[in-house]
Amino acid sequence: MLIKPRLSWLAAALLIAGSGTPALAASAAAKTNAAAGKTLSSAELIAQSPDSEWRPLAPENTLLMELPQGQVLIELAPRFAPRHVANIRALAQGGFYDGLAIVRVQDNFVAQWGDPNADEAGLAKPLSAGASAKIPAEFSLPLKNIPKADFARLPDLDGWAPLTGFVDGFPVAANPKTGQAWMAHCYATVGAGRSDAVDSSTGAELYAVIGQAPRGLDLNITVVGRVLKGIELLASLQRGGPNMGFYDKAEQRTSILRLRLLADIPVAERPALQVLRTDGKTWPQLLQSRRSRGGWFVHQHQHVDLCGLNVPTRAAK
């Protein structure tokens, strides 16, 4: 369980994320393979996808967390957790996260950040003006509230839910019988830490999945978004101690230098990324390329799971 301390892949996509020779080479290879009737690789599909298949980041729904090691870019999901996202916006705009720390890194699980003194009377950092100390849990939303056109459904079977797919670029699971839809705990998923009380999360304490997808947390914790860039910075941090990965000493923690909304950063200073749309033609082709992988792969599994492929990003053109 993610409790409050006592104190969200393509290597190929990363290769062609920027401009230059690798992207041009992949694009040329894609045209050659397409002309020859060959199955295109993931890198080739991404390289040849038209600009209309990509969307910009929404500045009001994107966080930039600055660590000594570099930047972590987080896309928030207001459709699934509107009250938590609103609270996180207020906290970020009030500078609440600045100077806090990564307090927990548990191997093959999560990296978690917040106020190390959150439970210490007189030492806890006060919440920013406009942020609430009590909001309802947002574990799911009614499936009927998601238009069919917005839900890029996967035909592949999933052991955790009868229906899976992608909405707004986020991995989503659903159950038509219960009428629920929820964001799944895949690699790079960002959630709001809570204690035993169901409604004890506010967004003041957040975590990112850095290991095997812990899908058992689905419907038990409010998921607020996913890491678009910089997950490797969190995943490579020093692991914490035997107490669920919480650090034993203050000097082991990584400080958060600053955390802001992109909307509050001058346009010229914002990281310029685009996200592949999941309602276009490239996305289903990309999924199929992962089901039938050629080249080095001997066996074709003809299957892709919900957490097996993150929606790619690229440098904005």
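Basis for what follows: all heavy atoms, side chains included, without hydrogens, waters or symmetry-related copies. Residue numbers run from 1 in the order of the sequence given.
In this structure the side chain of Leu76 never reaches within 4.5 angstrom of the side chain of Thr62, judged on heavy atoms. When side chains are defined from C-beta on, Leu163 counts as touching Phe151, because their heavy atoms get closer than 4.5 Å. Using a 4.5 Å heavy-atom threshold, the side chains of Arg277 and Val311 count as separate. Residues Trp283 and Leu309 have side chains in contact (heavy-atom distance under 4.5 Å, counting atoms from C-beta outward). Annotation: side chain of Asp158 is in contact with side chain of Arg215 (closest heavy-atom distance under 4.5 Å). You'll find the side chain of Lys134 stays beyond 4.5 Å of the side chain of Thr202, heavy atoms only. Leu262 has its side chain within reach of Pro271: a pair of non-hydrogen atoms, C-beta onward, lies under 4.5 Å apart. No side-chain heavy atom of Trp182 sits under 4.5 Å from any side-chain heavy atom of Val223.
Shortest non-hydrogen contact noted between Val167 and Arg79 is CG1-NE, 3.6 Å. In plain terms, the two heavy atoms of Pro312 and Ile46 that are nearest each other are CG-CD1, 3.9 Å. Nearest heavy atom pair, residue Leu127 against residue Ser132, reads CD1-O, 3.7 Å. Taking each heavy atom of Cys307 and Ala213 in turn, the nearest pair found is SG-CB, 3.7 Å. Heavy atoms only, all atoms of each residue included: Ala174 and Pro162 are closest at O-CD, 3.4 Å. Residues Pro176 and Leu143 come closest through the heavy atom pair CA-CD2, 4.0 Å.
The backbone N or O of Arg83 sits less than 3.5 Å from a side-chain atom of Glu138, completing a donor-acceptor pair. A side-chain donor-acceptor contact under 3.5 Å links Glu53 to the backbone of Lys281. Asn220 places a side-chain N or O within 3.5 Å of a backbone atom of Gly216 that can act as its donor or acceptor partner. In this structure a side-chain-to-backbone donor-acceptor pair under 3.5 Å is missing from Ser128 to Ala131. No donor-acceptor pair under 3.5 Å is formed between the side chain of Gln93 and the backbone N or O of Ala90. Looking only at distances, no side-chain donor or acceptor of Glu205 sits under 3.5 Å from a matching main-chain atom of Ala192. Without hydrogens or angle criteria, Arg293 side chain to Arg291 main chain gives no donor-acceptor distance under 3.5 Å. Under the 3.5 Å distance criterion, the side-chain polar atoms of Asp115 are matched with a main-chain donor or acceptor of Lys125. Without hydrogens or angle criteria, Gln252 side chain to Asp248 main chain gives a donor-acceptor distance under 3.5 Å.
A salt bridge is absent between Asp98 and Arg258; no separation between the charged side-chain nitrogens and carboxylate oxygens falls under 4.0 Å. Salt-bridge annotation for Glu75 and Arg55: present, with a side-chain N of the basic residue lying under 4.0 Å from a carboxylate O of the acidic one. The pair Arg194-Asp199 does not meet the salt-bridge criterion, since no charged nitrogen lies less than 4.0 angstrom from a carboxylate oxygen.
Rounded to the nearest 0.5 angstrom, Thr282 OG1 and Leu40 CG are separated by 10.5 Å. Interatomic distance, CD of Glu66 versus CG of Leu259, reported as 8.5 Å (0.5 Å rounding). Atom CG of Asp168 is separated from atom CG of Asn61 by 9.5 Å, given to the nearest 0.5 angstrom. Summarising the geometry, atom CD belonging to Glu60 is positioned 10.5 Å from atom CG belonging to Asp264; distances are rounded to the nearest 0.5 Å. Going from atom CG of Asn108 over to atom CD of Gln106 covers 9.0 Å, rounded to the nearest 0.5 Å. Here CZ of Phe96 is found 9.5 Å from CD1 of Ile256. Values are rounded to the nearest 0.5 Å.
Under 3.5 Å, the side chains of Ser201 and His84 contain a donor-acceptor pair of N or O atoms. A donor-acceptor pair shorter than 3.5 Å can be found between the side chains of Gln302 and Ser292.
Criterion: ILVMFWY side-chain heavy atoms under 4.5 Å apart, direct or through other members. Under it, Val85 and Leu261 are part of a common hydrophobic cluster. No single ILVMFWY cluster, assembled from side-chain heavy atoms under 4.5 Å apart, contains both Leu257 and Ile102. Val227 and Leu100 fall within the same hydrophobic cluster, where Ile, Leu, Val, Met, Phe, Trp and Tyr residues are linked whenever their side-chain heavy atoms come under 4.5 Å apart, directly or through other members. Note on Tyr187 and Leu233: same hydrophobic cluster, where clusters join Ile, Leu, Val, Met, Phe, Trp and Tyr whose side-chain heavy atoms are under 4.5 Å apart, directly or indirectly. The hydrophobic clustering, which links ILVMFWY residues whose side-chain heavy atoms are closer than 4.5 Å, places Leu219 and Phe109 apart.
Using cut-offs of 30° and 60° on the angle between ring planes, the pair Tyr207 and His185 is parallel.
The number of heavy-atom neighbours closer than 6.0 Å to CD of Gln288, taken from other residues, nucleotides and ligands shown, is above 12.
Considering Leu73, Thr313, Ile74 as possible partners of Lys229, the one that fulfils the side-chain contact (heavy atoms from CB on, under 4.5 Å) test is Leu73.
Checked against the 6.0 Å centroid criterion, the rings of Tyr97 and Trp113 do not qualify as a close aromatic pair.
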- Task: With side chain to side chain contact (heavy atoms under 4.5 Å, CB included) as the test, would you mind laying out the steps for Val110 and Val105 before giving the verdict?
- Result: CA-CA 6 Å; Val110 300; Val105 180; over 6 Å; no
- Item | Phe139 vs Leu217, side chain to side chain contact (heavy atoms under 4.5 Å, CB included): CA-CA, chis, key distance, verdict | CA-CA 10 Å; Phe139 297 162; Leu217 294 178; over 6 Å; no
- Yes or no on side chain to side chain contact (heavy atoms under 4.5 Å, CB included) for Leu206 and Val224, after CA distance, side-chain angles and deciding distance? CA-CA 9 Å; Leu206 299 170; Val224 299; 4.1 Å; yes
- Message: Would Leu154 and Leu306 count as a side chain to side chain contact (heavy atoms under 4.5 Å, CB included) here? Give the steps.
- Response: CA-CA 8 Å; Leu154 287 176; Leu306 180 63; 4.2 Å; yes
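Judged by the 6.0 Å and 45° rule, Arg104 forms a cation-pi pair with Phe246.
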